[in-house]
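Note sheet for the following structure.
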Amino acid sequence: MPTLAEAKSSNESYTPNYVPVAIFAGGTSGIGQAMAEAFARYTRGRAHIILIGRNADSAGRVISGFPIPEQEDGWRHEFIACDATRMREIRATCAALRARLSHINFLVLSAGFNSFATSKETSEGLDYHLALRYYSRYVYINELLPLLVKAHERGQQTHAMTIMGAGLGVPISTDDIGLDKARAQTIKPLKGVMLSFAAMKGMGYSPGYNDALVAYFACRNPGIAFTHVHPGFVKTSGLHTDAGWLLSPISWLYELVMEICAEYMLQALLDAKRGLFLRSPTANIISTHVFDAPVDFDLGCSTAHKTVRFLA
Ligand SMILES: NC(=O)c1ccc[n+]([C@@H]2O[C@H](COP(=O)([O-])OP(=O)(O)OC[C@H]3O[C@@H](n4cnc5c(N)ncnc54)[C@H](OP(=O)(O)O)[C@@H]3O)[C@@H](O)[C@H]2O)c1
């Protein structure tokens, strides 16, 4: 396990001879924000950093804290508004990015929503939890893949990372992969307390879905790195939703402060060159595989992927 000092030293050694292009979808708060800030700090602002989310005010505050390089050599810091529960909106955002960017080096996906009680269907008929935690991430990677491939063709580091719960997935019931049946059920374990099966299943299933997601893309694109990482328990605004009453008794587990988490997440991002990686909160590799050539096989996740494909 790398120590924090080793993670920092590894991040400090990141000195690309080009201006890297990095997208943080979920970079307006929480772990995504902390990673974007660390990335800006280590590159001394000499990067094209794009934050994606809904909160423009928050994005403005984050971006105003980035270092400003003296030289004008292609660096840029910007925000794009996009609701990650709407696949059509993500597709339009990605199409606009494809029209103006030549390539993307890093794509970090961390938009989150925690609730054990709330579950609903999005305007496109998807489960809300899965839309944020899984479908949107598939669409982002799929739609921006041509730009990731271009960075790889330039001989530059190329990496797509999803932050969720690597290796922590629970068994998935394949007859309700989109949680339509689960959404019809609620339980009341205590008077006045409502829990949603779909919310709990959405949160329980999404780590496994994300494991499959990176495996799906990594085996088809051997020159690019794809990572699913678990950040550990980190105190973010995402943990202050209706899950708070459940999580407060274990608040002592919040041992990792945001900045420490960001150092490890960034190490996981900058360290990998190509292949499939599942990583722990301290950037330890839980599982990895480097593919020598593209492999096209069904990993058992194709049904869910197809659901999104049909939403074009
Ligand atoms: N924190 C933890 O302890 C922990 C533990 C295990 C796993 N994780 C996972 O790690 C990831 C990051 O966690 P976090 O705690 O940093 O997340 P978070 O605080 O819940 O996420 C905040 C980010 O999600 C974006 N977001 C939320 N809803 C959105 C929507 N509809 N459209 C677009 N963006 C949206 C927010 O942007 P706007 O507000 O600008 O829309 C913000 O940038 C999540 O996937 C989470 O499930 C976290």
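One is the number of the first residue; the rest follow in order along the sequence.
Put simply, the side chain of R137 reaches to within 4.5 Å of the side chain of M164, judged on heavy atoms. Annotation: side chain of L97 is in contact with side chain of I80 (closest heavy-atom distance under 4.5 Å). You'll find the side chain of I50 reaches within 4.5 Å of the side chain of L101, heavy atoms only. Inter-residue side-chain proximity for R154 and S102 is flagged as met; some heavy-atom pair is nearer than 4.5 Å.
Between R41 and E263 a salt bridge is recorded (basic side-chain N to carboxylate O distance below 4.0 Å).
Not one N or O on the side chain of N210 forms a donor-acceptor pair closer than 3.5 Å with the backbone of V214. With hydrogens and angles disregarded, no donor-acceptor distance shorter than 3.5 Å links the side chain of Y264 to the backbone of N284. Checked by atom type and distance alone, the side chain of T288 never pairs as donor or acceptor with a backbone atom of F277 at under 3.5 Å. The closest donor-acceptor contact from the side chain of S10 to the backbone of E6 lies at 3.5 Å or more, if one exists at all. No donor-acceptor pair closer than 3.5 Å links the side chain of S287 to the backbone N or O of L278. Side-chain N or O atoms of Y209 include one that pairs as donor or acceptor with a backbone N or O of I177 at under 3.5 Å. Listed for the H103 side chain is no donor-acceptor partner under 3.5 Å among the backbone atoms of V21. With Q156 contributing its side chain and P20 its backbone, the two residues share no donor-acceptor pair below 3.5 Å. In this structure, the side chain of R274 engages the main chain of P222 through a donor-acceptor pair within 3.5 Å.
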inquiry  = The test is side-chain contact (heavy atoms from CB on, under 4.5 Å); show your working for I63 and I49 and say whether it passes.
reply    = CA-CA 9 Å; I63 288 173; I49 302 176; over 6 Å; no
ask   = Do R279 and M161 pass the side-chain contact (heavy atoms from CB on, under 4.5 Å) test, and can you show the C-alpha distance, the side-chain angles, and the key distance before you say yes or no?
value = CA-CA 10 Å; R279 297 228 193 201; M161 171 186 270; over 6 Å; no
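Under the rule for a salt bridge (Lys or Arg N to Asp or Glu O under 4.0 Å), R133 has no partner lying at least two apart in sequence or in another chain. Under the salt bridge (Lys or Arg N to Asp or Glu O under 4.0 Å) criterion, K273 pairs with no residue, sequence neighbours left out. Applying the side-chain hydrogen bond (donor to acceptor under 3.5 Å, both in side chains) criterion to S280, with sequence neighbours excluded, gives T282. By the side chain to side chain contact (heavy atoms under 4.5 Å, CB included) test, E143 pairs with R91, C94, R98, V139, sequence neighbours left out.
Ring centers of F39 and F106: under 6.0 Å apart, within the cut-off. Between F217 and Y138, the ring centre distance stays below 6.0 Å.
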When the side chains of residues 224-231 are checked against the rest of the protein, which donor-acceptor pairs come out under 3.5 Å, sequence neighbours left out?
unit_1, atom_1, unit_2, atom_2, d
T227, OG1, H159, NE2, 2.7
H228, ND1, D211, N, 3.4
H228, ND1, D211, OD1, 2.6
H228, NE2, G165, N, 2.8
H228, NE2, A166, N, 3.2

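The distance from the CG atom of L147 to the CD1 atom of I23 is 7.5 Å, given to the nearest 0.5 Å. Distance check, rounded to the nearest 0.5 Å: CG of L276 to CD1 of I285 gives 10.0 Å. With rounding to the nearest 0.5 Å, the separation of CG in L266 from CG in N11 is 4.5 Å. For the atom pair K120 NZ and T85 OG1, the distance stands at 8.0 Å (nearest 0.5 Å). Atom CZ in F79 sits 8.0 Å away from atom CG in L51 (nearest 0.5 Å). Atom-to-atom distance recorded for S196:OG and H129:NE2 is 6.5 Å, nearest 0.5 angstrom.
Between L148 and A160, the closest heavy-atom pair is CD1-CB, 4.2 Å. Closest approach of A198 to D127, counting heavy atoms only: CB-OD1, 4.0 Å. Shortest non-hydrogen contact noted between V170 and Y205 is CG2-CD1, 3.7 Å. The nearest pair of heavy atoms linking C82 to I52 is CB-CG2, 3.7 Å.
Between the side chains of E37 and Q33, at least one donor N or O lies within less than 3.5 Å of an accepting N or O. If you check the side chains of N55 and T28, you find no donor sitting under 3.5 Å from an acceptor. Q157 and Y18 form no side-chain donor-acceptor contact under 3.5 Å, judged by distance and modelled atom types alone.
Pairs engaging residues 66-76 under the side chain to side chain donor-acceptor pair (under 3.5 Å) rule: R46-D73 [sequence neighbours left out].
A 6.0 Å sphere centred on CZ of R44 holds no more than 12 heavy atoms belonging to other residues, nucleotides or ligands.
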